[in-house]
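First comes the structure, then the notes that go with it.
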Amino acid sequence: MTSSDAQLPLLRIASLTKRFGGFTALDNVSVDISPGERFGLIGPNGSGKTTLINCISGAFRTEAGTVLFRDEDITPLQPHMRTRRGIARSFQIPRPFRSMTVAENLMVALDFAAGEHVSVAQRHDAMMDILTQMGLASKANVSATQLSQVELRKMELARALATHPKLLISDEAMAGLSSSEVDEVLDLLMSLASRDITIIMIEHIMQAVMRFSDRVMCLDAGKIIAIGTPSEVMGNQRVQEAYLGT
Amino acid sequence: MKRSNIAFWVGAAVFLVAIFVMTQVVGNQYPFFAGYVILQFIALAVAWSILGGYAGYVNFGTSAFFGVGVYTAVFLTKAFEAPLLVQIVTAAVIGALMGFALGLLTLRMQGIFFSIATIALTIIIETTVMNWRFVGGAAGIQIARPPATPPFDNYVQMLFFVQALLVVLAVAISRYIQNSWIGRGLQALKDDELAAECTGVPTLRLKLLACVISGALLCAIGAPSAMYLQFANPDSAFNLNYSVSTLAMSLIGGTSHWSGPIIGAILLGTTQQLLTVTISSEVNVLVLGIMLVLFVVGAPEGIIGLVRKLRGNRKEGGT
């Protein structure tokens, strides 16, 4: 692993194992992610990418191993406790709060994760700030059910951002988008990364992963088969085999 | 204080004063007898809606909470001749504990499974009470009313006023929840529990809170019923009709706003009282069923949803 000795990793996953019945979805996975890193996570369908994210965000309990965040063992914590410590995520299939407007979706995050000593007016300003960055300001009072696919993806990122994350996990935020929309979302993620938010990006769109990531990890059948710079991983024979299925 | 708050509390005060004046002026007992039932259903529907509406956990156990409220009052009267206030407060405490237990169920059960579990809860408690001799068992028990406390000169009038107080309490709590972070959190977890957790909402804690508050209110509302009827038996105290009526009133009124259950309960409660008097008490169950079906098909968001839709359409038409 490449984390420098001088700097503690932001996230340390140590020997993580997750089973569903007899199926091992994650098998002894260990990886360190440094503060400020743009980390790409790839792998064929069913390789355990989303399972890993669910274990980091707390949606799943793990069978073995630990997750350390800023040197704290967060393995026993419920998802909302992890969110409050600075881990935010988007979902592969967007999960907006459907009975709410875009603004209200963000207010949930601001109400529950942004700390207690923030006034209502400040929360409102923070919300409009985030919506403006995400290009959703004009949709603030629109119901979440009326958004287009790309707007939904952006709203999920905006809602995650409203929790003041130190680590943002983007689970296929670009799936199903047109190429111009992919660029749009990628630019957004880049601009977040430039503001000291560490990002883990799961993606199937390889150009996006290559362009975005400092480091890429490839999972196959719950195991890490390659980790390194994007070009190293792309050149790795096992990665090519996993994807092309020789 | 915000203007809407002032308006609300002025409204509540006017309502209570009107109820009080009515108890002092009106001589005929029937309006109080019928009005008590309507007030009771308003309170029940509002209390139910805190869990069933805001959090989306459909509770069929209203009759369990109501019945426990009734029998708490029965027990306290028979054992200690406790005054009405003590009966209501004790019922609230027991209801809160029951609510907490119900809340733990939400850990493992959602949707229809949760609802079925609440029906089971009703049956278990009813069976227990049925076999409890001290409070009359299956045959039921007669309770004598103590004299009314001044300024009321009649016990039913006093109960009428007490139930009005419970209505105001339930509505104030429900309204507070809706407008606070608790309401936003409940709405989020109703929409999507995992997304809510990952947005920082402590879903279990909020669900427990909603169960405890809703349960405490439902039980407290049941307590005065023992004195109202001067009789209690398990069949009527745990009657599933309380669960169904309360649920129907909340859904027909609309659960997305605190006023929805009030509107639904006034509408259905009044209709039921009128039908009971003019035709028969069986017909009112039939009407309840038909209205519920009509609303589920035609206006799934209830009257509140219907009004919002109409307003929305007019706004769009105007611009």
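Every chain is numbered from 1 and lettered A, B, ... according to where its sequence line falls, protein lines coming before strand lines.
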Inset, instruction - For chain B, find which of A:R95, A:E104, A:R159 contributes the most heavy-atom pairs closer than 4.5 angstrom. - result: A:R95
Legend entry - Reported CG-to-CG distance for the pair B:D192 and A:N105, which is rounded to 0.5 angstrom: 10.0 Å
Inset, instruction - Taking atom types as modelled, find out whether B:Q187 and A:S99 have a side-chain donor-acceptor pair closer than 3.5 angstrom. - result: yes
Inset, instruction - Search all heavy atoms of A:F112 against all heavy atoms of B:W181 and return the closest pair with its distance. - result: CZ-O, 3.2 Å
Legend entry - Choice from A:P165, A:P96, A:A109 maximising heavy atom contacts with chain B below 4.5 Å: A:A109
Legend entry - For B:R184 against A:M100, the heavy-atom pair lying closest together: O-CE, 3.8 Å
Legend entry - Charged N-O contact under 4.0 Å between B:D191 and A:R98: no
Inset, instruction - Starting from the C-alpha separation in whole Å, work towards a yes-or-no answer on side-chain contact (heavy atoms from CB on, under 4.5 Å) for B:V201 and A:H80. - result: CA-CA 6 Å; B:V201 180; A:H80 72 269; 5.7 Å; no
Legend entry - Atom CD of B:E301 with >12 non-hydrogen neighbours under 6.0 angstrom: no
Legend entry - A:T83 (side chain) donor-acceptor with B:C198 (main chain) under 3.5 angstrom: yes
Legend entry - More than 12 heavy atoms from other groups under 6.0 Å of OH on B:Y176: no
Legend entry - Spacing of A:M107 atom CE and B:T199 atom OG1 [to the nearest 0.5 Å]: 13.5 Å
Legend entry - Crowding at CZ, A:R70 (>12 non-hydrogen neighbours, <6.0 Å): no
Inset, instruction - Considering non-hydrogen atoms only, spot the tightest contact between A:R84 and B:G200 and give its length. - result: NH2-O, 3.1 Å
Inset, instruction - Answer yes or no: does atom CZ of B:F8 have more than 12 heavy-atom neighbours from other residues, nucleotides or ligands under 6.0 Å? - result: yes
Inset, instruction - Give a yes or no on whether A:D196 atom CG has more than 12 heavy-atom contacts from other residues, nucleotides or ligands under 6.0 Å away. - result: no
